[in-house]
*Asks:* 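One structure is given below, represented as structure tokens, and several questions about it will come after.
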Amino acid sequence: MRVSVIGCGHLGIPHAAAMAEIGHEVIGVDTDHTKVDRLNAGECPIYEAGLPELLTKHTAGGRLRFTTDPQEAAAFAELHFLGVGTPIDSDGRSYDTRQVFGAVRQLAPHLTRACTIVGKSTVAVGTTRRLTHLVQRLAPAGEQVDVVWNPEFLREGHAVEDTLRPDRIVAGLTTTAAEKAIRDVYAPILQVTGVPLFITDPATAELAKGAANTFLALKISYINGVADMCRSAGGDISQIVDILEVDGRIGRGSMSPGIGYGGGCLPKDVRAFTASARQLGADRAAALLRAAEEVNESRTAMAVGIVTRALGRPIAGAAITVWGAAFKPGTNDVRESPALALAQALHQAGASVTVHDPQAVRTAVRRSPELEYTDDLEQSVDGAHAVVLATEWPEYRGIDPTTLTDRTAEPLMVDCRTTLDADRWRTAGWTVHQIGRPEK
């Protein structure tokens, strides 16, 4: 098929490259001329595993190209994916869908033949219905244009893999023509992987993404709450997670204690889903979700408290190294990053903070220029009174602690992701503090 992907960011670029990889001819559309030029040259402006290779392969081969002209996309494609951003609105509780409706207003006047618009962005219930009315009013093709909601369930850092080998595909639609378009565009994936395809009404599809992310947030906040209980009681959260893992009703996924969730999706989805629950009259569900938010919001202060206790003195004047700026490993995205929030809090408390991250230094500098940064992992600890592990990159688990011991002012590790082999670090002469685990 010939498809377009409108919006070339963390969602749109991997989706465009993956659609080219499974055999479609793809045109990406973005308003940023500089970004489009870079993409057409095969340069990837975001970090995602495997994405630079796919981008280079398919731009060079001619199967993937980018433009700033929606009219060009309308003339080229028979199916249009919407991958523009839906940030949280100024009220802090709902989605700002101006980019979604703006993209459709730009595209629709050029739609002169039957086609399908497929929304990927996370939106509130009712968006598909409103967009359908808008596009069929503006498009010369009128009612021959279908709107489908097909929410993405991508994990940042694994976006290419999750697009090519998803665990589910959900499509909310109302016509047989729209269903055929969805089955055709995803046929190479459905035929090879056997992934389940859920054909639903639009409201169900719109709710599905929020339901998935808020359940994930509930698990993260729950285990962090239990980790706080362990610290007070002298229990070991790692053993509790092991115990819970064997219960088939619970499982281990997303049950790692730490400093909370972040990124461009989970925080806003929880806020918006909580607001939707209130609007729909599900007050008890809203209260449950708000409790998960409150736990997450408390994590930075909790981590600062652990660092203070580990130092045994006020933070002001201490040299502290923070390992990690991205909100999770595998990405350079620092939007609502718990790691960067912790680094900022330590800085505000008077510490001299140096941040290291394998991929996110450049994006972090733009967001928090007041901090010091380095690309050199070993040099990052020079003169540090404490090292704080804030993002669980594998580079940190793999480093030999004996190579760092003598570089620090004090060999003190505060593992805020409970990811290190603490005994290994202690053998190398380090004092180690971990969230939810007893001190030794």
*Asks:* Give the intermediate values and the outcome of salt bridge (Lys or Arg N to Asp or Glu O under 4.0 Å) for residues E156 and R335.
*Replies:* CA-CA 12 Å; E156 281 196 43; R335 290 175 294 175; 3.3 Å; yes

*Asks:* Under 3.5 Å, is there a donor-acceptor pair linking the side chains of Y95 and D269?
*Replies:* yes

*Asks:* Compute whether any side-chain donor of one residue and acceptor of the other, for E206 and T128, lie under 3.5 angstrom apart.
*Replies:* yes

*Asks:* Please check this pair: side chain of Q434 against backbone of L420, looking for a donor-acceptor N/O pair closer than 3.5 Å.
*Replies:* yes

*Asks:* State, yes or no, whether a side-chain contact exists between L404 and W425 at a heavy-atom distance under 4.5 Å.
*Replies:* yes

*Asks:* Say you draw a straight line from NE2 of H58 to CZ of R63; how long is it, rounded to the nearest 0.5 Å?
*Replies:* 6.0 Å

*Asks:* Do T354 and E372 have side-chain atoms, one donor and one acceptor, less than 3.5 Å apart?
*Replies:* no

*Asks:* I'd like to know if the side chain of D400 pairs up with that of T402 as donor and acceptor (distance under 3.5 Å, no hydrogens or angles considered).
*Replies:* yes

*Asks:* Taking only Lys NZ, Arg NE, NH1 and NH2, and the carboxylate oxygens of Asp or Glu, determine whether R93 and D91 approach each other closer than 4.0 Å.
*Replies:* no

*Asks:* Does the side chain of I220 come within less than 4.5 Å of Y222's, by heavy atoms?
*Replies:* no

*Asks:* Taking the side chain as C-beta and beyond, is there a heavy-atom pair between S380 and T321 under 4.5 Å?
*Replies:* yes

*Asks:* With a 4.5 Å heavy-atom cut-off, do L107 and H80 have their side chains touching?
*Replies:* yes

*Asks:* Hey, does the Lys NZ or Arg CZ of R168 hover above the aromatic six-ring of F198, less than 6.0 Å from the centre and inside 45° of the axis?
*Replies:* no

*Asks:* Using the salt bridge (charged side-chain N to carboxylate O under 4.0 Å, His left out) definition, which of the options K268, R271, R367 pairs with E336?
*Replies:* R271

*Asks:* With a 4.5 Å heavy-atom cut-off, do E25 and F76 have their side chains touching?
*Replies:* yes

*Asks:* Take R290 and E297, measure what salt bridge (Lys or Arg N to Asp or Glu O under 4.0 Å) needs, and give me the verdict at the end.
*Replies:* CA-CA 10 Å; R290 179 59 193 144; E297 291 162 1; 3.0 Å; yes

*Asks:* Is E392 salt-bridged to K328, cutoff N-O under 4.0 Å?
*Replies:* no

*Asks:* Would you say T116 and D146 are linked by a side-chain donor-acceptor pair, where the criterion is simply a distance under 3.5 Å?
*Replies:* no

*Asks:* Is any side-chain heavy atom of T403 closer than 4.5 Å to a side-chain heavy atom of E378?
*Replies:* yes

*Asks:* State, yes or no, whether a side-chain contact exists between V388 and W323 at a heavy-atom distance under 4.5 Å.
*Replies:* no

*Asks:* Evaluate the ring planes of Y47 and W393, with Trp represented by its six-membered ring, and classify them as parallel (under 30°), tilted (30 to 60°) or perpendicular (over 60°).
*Replies:* tilted

*Asks:* Tell me whether D415 is salt-bridged to R437, with the criterion being a basic N under 4.0 Å from an acidic carboxylate O.
*Replies:* no

*Asks:* Verify the ring-centre separation between H15 and F81: is it less than 6.0 angstrom?
*Replies:* yes

*Asks:* Quick one: do the T67 and E72 side chains pair a donor with an acceptor below 3.5 Å?
*Replies:* yes

*Asks:* For V36, run the side chain to side chain contact (heavy atoms under 4.5 Å, CB included) check against T68, T31, V29 and tell me which one passes.
*Replies:* T68

